Amino acid sequence: MKTEPSFQVDREILKRGIYISKIDDDVTTYEIRMKEPNRGDYLTNSAIHTIEHIFNEYIRKTEFADGILYFGPMGSRTGFYLLTRRLTDNYSIGLIKDAFEHISEFWGKIPKASPKECANCLEHSLPQAKEEAKAFLEVIKDWTKDDLEYPKAQEEE
């Protein structure tokens, strides 16, 4: 059985940031790692849910929205995956930064969070989502294409 590249990443050295998880033809999967794995600090379900709603609403209104295939949470509650088609890494990084900036400054009704549109409309937290977005922006503010590679373990001597 073939092992996915992202499962070969050493989670003990993985830091917060944006990484390319895999590339399949013209589809790039970005790992948006907001929390370090196995450190006891995780995103709350309410923050995840709100980030997901606001991020998706934001990116669907961008110039290259047709290049966005998916944005959704990691089961580990440490971040999200963004799948794009035919978008450059520089554009995708800029889009991620812009979306988190939008979340950090967002006021008002959470998009598509009514009982008719959302299967768990009571589990949202705009204050938590804004706080997490602000903290993550500090991590990625200077992120570039050169930072997209997963960290490598130092070889033992």
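The model shown is predicted, which means the values in this text are computed figures rather than measured ones.
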What is the minimum heavy-atom distance between [X] and [Y], and which atoms define it?
X      : Y      : value
Gly17  : Ile140 : CA-CG2, 4.3 Å
Gly108 : Leu126 : O-CD2, 3.9 Å
Ile51  : Ala129 : CG1-CB, 3.7 Å
Leu137 : Ser104 : CD1-OG, 3.7 Å
Ser92  : Leu87  : OG-CB, 3.7 Å

Partners of [X] by side-chain hydrogen bond (donor to acceptor under 3.5 Å, both in side chains), sequence neighbours excluded?
X      : answer
Glu52  : none
Glu101 : none
Lys116 : none
Lys109 : none

Interatomic spacing from [atom1] in [X] to [atom2] in [Y] - rounded to 0.5 Å:
X      : Y     : atom1 : atom2 : answer
Asn38  : Asp41 : CG    : CG    : 12.0 Å
Gln128 : Thr50 : CD    : OG1   : 8.0 Å
Ile23  : Thr29 : CD1   : OG1   : 9.0 Å
Asp89  : Ile18 : CG    : CD1   : 10.5 Å
Leu83  : Lys22 : CG    : NZ    : 8.0 Å
Ile93  : Ile20 : CD1   : CD1   : 7.5 Å

If the condition is ring-ring contact (aromatic ring centres under 6.0 Å, His included), which residues does Tyr70 pass it with, not counting sequence neighbours? none
Using the ring-ring contact (aromatic ring centres under 6.0 Å, His included) criterion, which residues pair with Tyr19? Sequence neighbours excluded.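 For Tyr19, the residues satisfying ring-ring contact (aromatic ring centres under 6.0 Å, His included) (neighbours in sequence not counted) are Trp143, Tyr150.
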Write out all pairs satisfying ring-ring contact (aromatic ring centres under 6.0 Å, His included) with one or both partners inside residues 22-44, taking only residues at least two apart or from two chains.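 Residue pairs passing ring-ring contact (aromatic ring centres under 6.0 Å, His included), neighbours aside: none found.
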Would Leu82 and Ile68 count as a side-chain contact (heavy atoms from CB on, under 4.5 Å) here? Give the steps. CA-CA 8 Å; Leu82 173 66; Ile68 306 297; 4.1 Å; yes
Between [X] (side chain) and [Y] (backbone), is there a donor-acceptor pair under 3.5 Å?
X      : Y      : value
Arg16  : Thr78  : no
Thr62  : Ile59  : yes
Arg39  : Pro37  : yes
His124 : Ile110 : no
Asp147 : Thr144 : yes

Qualifying residues under salt bridge (charged side-chain N to carboxylate O under 4.0 Å, His left out), relative to [X], sequence neighbours excluded:
X     : value
Glu63 : none
Arg85 : Asp26
Arg77 : none

Can you check whether [X] reaches [Y] side chain to side chain, under 4.5 Å on heavy atoms?
X      : Y      : value
Glu36  : Lys15  : yes
Tyr91  : Leu95  : yes
Phe106 : Pro111 : yes

Let's go through Lys152 and Glu149 carefully: what are the C-alpha distance in whole Å and the side-chain angles of both, what is the deciding distance for salt bridge (Lys or Arg N to Asp or Glu O under 4.0 Å) to 0.1 Å, and is it a yes or a no? CA-CA 9 Å; Lys152 303 249 187 286; Glu149 188 174 320; 3.0 Å; yes
Heavy-atom count check: over 12 atoms from other residues, nucleotides or ligands less than 6.0 Å from Asn90 CG? yes
Please determine, by modelled atom types, if Thr44 and Ser46 share a side-chain donor-acceptor pair under 3.5 angstrom. no
Tell me, which pairs form a salt bridge (Lys or Arg N to Asp or Glu O under 4.0 Å) where one or both residues lie in residues 117-132, sequence neighbours left out? Lys35-Glu132
Among pairs that include at least one residue of residues 135-146, which meet salt bridge (Lys or Arg N to Asp or Glu O under 4.0 Å), considering only residues two or more places apart or in two chains? Glu138-Lys141
Mind running side-chain contact (heavy atoms from CB on, under 4.5 Å) on Lys112 and Cys118 for me, showing each step along the way? CA-CA 6 Å; Lys112 306 214 180 325; Cys118 179; over 6 Å; no
Name the one of Phe71, Phe136, Phe100 that satisfies ring-ring contact (aromatic ring centres under 6.0 Å, His included) with Phe80?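 Of all the options given, the one that passes is Phe71.
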